[in-house]
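Heads up: numbering here begins at 1 and tracks the sequence.
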Amino acid sequence: MNFIALLVISACFFSWNSAKYHHHNQDKDKELKYLLEPLVYAEVTARRGHTVVLPCVMRFKPSHYRVKWTKIEPPSQGVENIVLITNGHADKQYGSVGPRASLLRAHNLDVSLRLTDLELEDDGSYRCELINGIEDESVIITLRIEGVVFPYQSHHGRYRFTFFDAKEACAEQDATLATYKQLYRAWTEGLDWCNAGWLSDGTVNYPVLQPRPACGGDLLSGIRSYGPRHKTRDHYDAFCFTSTTKGSVFFIPGPFSSAEAERACRRDGASLAKVGQIYSSWKFQQLDHCDGGWLQDGSVRFPIINPREHCGGIAEPGVRSFGYLGKSLRLYGAYCYR
């Protein structure tokens, strides 16, 4: 790794279940007049495909007002991501999230946002803003999609993705480019990886738990960053993020070539699993199998929940990879998704 890589270490303690809302007022010390500032739910956690409610409650109703829900983080490219606007009588949905958005209206003062069939891209911060003439005030709540981050490399080798290639590669594996927050959380949960990869904000980073000479030098542990890189000229790996899936992954013993593995899955009414799908089944369905198996991208991997002596000598749980092997090689089984 490049020894000039910057070490990024969080300077503050981040509470993933913080009980404090953030104001969006010109006067940050001003008390909220119309919106209730509850003591809980500054962050809501849910899984892909589920329904979630982002709470926002009024103290009382102004005579004339609008409430606007906006997705503010990660930010869009110069466009405000309005999700829904209501005047108390009629609601209007906007953008890609709008068709899945509605107001909960559990009572007369409730303007909480309900999102159905959650997608990976729904992860982020949302603002509930009350507009009353020239007055406005808001609260911000974070929606965290529960998931797993995994490093991903081109079948051509290390450091082959532009930013746009990395984004496409993650999408092909039932995932999205991870955010910095998602990578940070993965690092706190044990992700240690030497190869630098793109994140969704266009920066390049890698997480290190055990500093070592072969991994950027004997610096402190943390998220090491190259900062923003040129999205078409620079090439790195990718950090992808995925969550729960509607189906599950299962193993068929071989030995198969890659093409034979694909046919074996089809005979069982399934398809070869994508990398994101095997990580999802490992994370959320406790998929544990010692045998290597083909995946849709041509790689051979196996998922381990309980490391044991006769299981590759792996000391920690994870999804292990043999890399991209010759597809005609008849040594492995198949991981199928149905």
Check this for me, if you would: do Arg301 and Asp297 make a salt bridge, where the nitrogen-to-carboxylate-oxygen distance has to be below 4.0 angstrom?
yes
For Phe251, enumerate each residue passing the ring-ring contact (aromatic ring centres under 6.0 Å, His included) test, keeping only those at least two apart in sequence or located in another chain.
His289, Tyr335
Check ring-ring contact (aromatic ring centres under 6.0 Å, His included) between Phe150 and all other residues, then give those that pass, not counting sequence neighbours.
Tyr279
So, Asp122 and Arg144, do they make that salt bridge, N to O below 4.0 Å?
no
Non-neighbouring partners of Phe302 that pass ring-ring contact (aromatic ring centres under 6.0 Å, His included), sequence neighbours left out
Phe322
Hey, is Asp123 close enough to Lys71 for a salt bridge, meaning N to O under 4.0 Å?
no
Those residues that, when tested against Phe163, pass ring-ring contact (aromatic ring centres under 6.0 Å, His included) (two or more places apart):
Trp198
Verify, without hydrogens or angle tests, whether Asp110 (side chain) and Val57 (backbone) share a donor-acceptor contact under 3.5 angstrom.
no
Between Gln173 (side chain only) and Val275 (backbone N and O only), is there a donor and an acceptor less than 3.5 Å apart?
yes
Residue set satisfying side chain to side chain contact (heavy atoms under 4.5 Å, CB included) with Glu121, at least two apart, ordered chain then number -> Glu119, Thr176
Is there a donor in the side chain of Arg158 and an acceptor in the side chain of Asn195, or the other way round, less than 3.5 Å apart?
yes
Could you give all pairs that pass the salt bridge (Lys or Arg N to Asp or Glu O under 4.0 Å) test and reach residues 192-205, with sequence neighbours left out?
Asp192-Arg212
